[in-house]
Amino acid sequence: MSIPASSPYVVVGAGVHGLSTAYHLANELRARQAGSGADVVVLDKTAPGAGASGIACGVVRNNYFQPAMSELMQACVEVWESDPEAYHYNAVGYIALGAQVQEADLAATFERQERIGYRSELVTGEADVAAHMKALFPDWRAKGVTVCLHERQGGFAFNIESVLGLRDKCVSEGVSVLEGVEVTGFAFRDDDSVSAVRTSKGDIEVGEQIVVAPGPWAARFWSLLGQPDTIDITTPSGEVVRDRPMWTYWNLQEGEITVDPLMFATANGGAPPVIHLDTDAPLYTDEGELVTDELWGIYFKRDRHGVQGGAAPLVVGADVELDPYPSTTDVDPSFPDLWCAALSHSMSRFEGCRAQYRMARSGGVGAFTADNFPVFDYVKPNVYGIFDSNHGYKMIGVGREVASVVLGDHSRLLYPFRFERFATGDLHPVSSSPYPWS
């Protein structure tokens, strides 16, 4: 495959972020009469969707305790809703259910969603939550659930199909999406800007800007761009925590049960919303064995060939084997028992589902930042980094914002995710969820 000797704009990575950026950049260049998609090239060492985007569970939600995440996700949902056919998006909604310890968090999230115009409903009290869920699923039987945030927007998308839909949108705008081109380094000018992207097929001179969207390979590109492996973090109280690892890898725990997808339907036969359940009720297998008596949580959705979902991820550490991706997709041996027991705990229709469990090529391994939230920022004068901290797939709208920034605009939505926050103490608040991304 031949590559261009130069390009005004180079995007590294053909996952959701890279392709969304390229597509929206092409749109903006055309709209501003400043160029076209022919000025944009996307590079991927394998192919579109070969990384985390291609095996994502695909859940799209706005259930974030952090105001900045919630507002950014509203913009992302707008993009999903703009072309559901091309993005293979299913707007079925999303339900977050929690124990008493999470009531305040979900209430605050709901109030924010009301303020920004994101359609949702809050139900509190164990009896009222049970009634709400039984109206949807008559066999609902989860215990210890006292709060329900029912997002009427959101849902899920089919992973690789949505990535290929984005690729097709890029190609229709004249963007070159080049497969099998690995970025091996960068050539720098005296002012620390990048003059060329070095690849396995030769150098590409950069006329304007580079966008790096490496997904799980964040640490590698962070290093190639001369960024520190460890950082000092100023907390909101002013305390400075020294030498924290910038990147930590987590294994996502996901699987599926191979059942007739239509068995997971609402009372009227409709498509069910995505469900996320957290509770501190003791969890038992169908055989009566205790799985856990601590706060636990799962998420699940109807998929093409059954029901798919997961639980909280596992910390791997600083080093993993990423290639071929996802070679580090190991779940806790107890995960299938927990997830299937939790499905049965939720609805009687899932009783006995452990026999239908199978490992799915889903989830993979993610590179999380020092505070588990994304970094969207310039890392060199002409290099914008999309380091998503594994929040990536659902955040399809980040590319729209980045395209605007690359062309000289300011993004209010991306500003809270600047790298500088670690030094200034302007960190995101932490919720009561057992997940690192809520």
Side-chain angles (χ1 to χ4, degrees), residues 3 10-22 41-56 159-160 163 166-167 177-186 194 197-201 204 206 210-231 245-252 313 315-330 361-370 372-380 383-396 398-399 402 417 419 436-437:
I3 62 171
V10 176
V11 178
V12 180
V16 163
H17 288 315
L19 292 171
S20 178
T21 299
V41 60
V42 180
L43 309 176
D44 197 282
K45 69 176 182 178
T46 307
S53 294
I55 61 171
N159 46 37
I160 192 65
V163 173
L166 265 173
R167 178 206 59 190
V177 181
L178 305 182
E179 303 179 11
V181 180
E182 181 176 4
V183 173
T184 58
F186 301 93
V194 170
V197 177
R198 290 183 167 149
T199 83
S200 57
K201 304 291 186 180
I204 302 175
V206 180
I210 302 166
V211 175
V212 175
W217 293 269
R220 175 174 178 267
F221 279 87
W222 190 256
S223 179
L224 286 174
L225 290 163
Q227 301 304 309
D229 293 335
T230 62
I231 62 172
M246 182 61 200
W247 300 104
T248 302
Y249 289 95
W250 298 61
N251 266 337
L252 304 191
V315 176
V316 178
D319 298 307
V320 298
E321 184 63 44
L322 288 173
D323 297 296
Y325 191 82
S327 58
T328 311
T329 308
D330 299 319
R361 190 176 183 274
S362 178
V365 62
F368 286 76
T369 66
N372 297 327
F373 291 101
V375 170
F376 304 135
D377 204 351
Y378 275 100
V379 289
K380 293 294 179 184
V383 181
Y384 195 95
I386 302 177
F387 300 101
D388 62 15
S389 196
N390 216 81
H391 295 268
Y393 179 87
K394 68 178 73 68
M395 303 183 86
I396 194 173
V398 167
V402 171
F417 301 95
F419 179 57
W437 50 59

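- When side chains are defined from C-beta on, M246 counts as touching V375, because their heavy atoms get closer than 4.5 Å.
- M395 places none of its side-chain heavy atoms less than 4.5 Å from the side chain of D388.
- Inter-residue side-chain proximity for I55 and Y325 is flagged as met; some heavy-atom pair is nearer than 4.5 Å.
- In this structure, CG in D323 is found 7.0 Å from OG1 in T46, a value given to the nearest 0.5 Å.
- With hydrogens and angles ignored, the 3.5 Å screen pairs a side-chain donor or acceptor of T21 with a backbone N or O of H17.
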| task | Could you walk me through whether V315 and F368 pass side chain to side chain contact (heavy atoms under 4.5 Å, CB included), step by step? | result | CA-CA 10 Å; V315 176; F368 286 76; over 6 Å; no

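- Checked options F373, F376, F417; the residue passing with H391 is F373 (criterion: ring-ring contact (aromatic ring centres under 6.0 Å, His included)).
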| message | Walk me through whether V365 and L322 qualify under side chain to side chain contact (heavy atoms under 4.5 Å, CB included). | response | CA-CA 8 Å; V365 62; L322 288 173; 3.5 Å; yes

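- Note that OH of Y384 is 6.0 Å distant from CG of D377, once rounded to the nearest 0.5 Å.
- Looking only at side-chain heavy atoms (C-beta outward), I396 and L166 come within less than 4.5 Å of each other.
- A pairwise comparison of heavy atoms in P216 and A52 identifies CG-CB, 3.9 Å as the closest pair.
- Atom CZ of residue F186 and atom CG of residue L224 lie 6.0 Å apart, to the nearest 0.5 angstrom.
- Listed here is the closest heavy atom pair of S20 and G399: OG-CA, 3.5 Å.
- We find the OG1-CD1 distance between T199 and I3 to be 3.5 Å, quoted to the nearest 0.5 Å.
- Put simply, the side chain of T369 never gets that close to the backbone of S389: no donor and acceptor are under 3.5 Å apart.
- No side-chain heavy atom of V194 sits less than 4.5 Å from a side-chain heavy atom of V10.
- Side-chain atoms of N390 and W250, non-hydrogen and from C-beta on, never get closer than 4.5 Å to each other.
- Screening V42, D44, V11 for a side-chain contact (heavy atoms from CB on, under 4.5 Å) with L19, the sole residue that qualifies is V42.
- Counting only distance, with no hydrogens or angles, the side chain of T184 and the backbone of S200 share no donor-acceptor pair below 3.5 Å.
- Smallest separation of non-hydrogen atoms from A213 and G18: CB-N, 3.7 Å.
- The nearest pair of heavy atoms linking V183 to R220 is O-NH2, 2.9 Å.
- The main-chain N or O of D229 is never found under 3.5 Å from a side-chain atom of W247 such that the two would form a donor-acceptor pair.
- Looking at heavy atoms from C-beta onward, K45 lies in side-chain contact with W217 at the 4.5 angstrom threshold.
- Taking all atoms of both residues into account, the shortest heavy-atom contact from K201 to G180 is CE-O, 3.3 Å.
- In this structure, the side chains of N159 and Y393 come closer than 4.5 Å at one or more pairs of heavy atoms.
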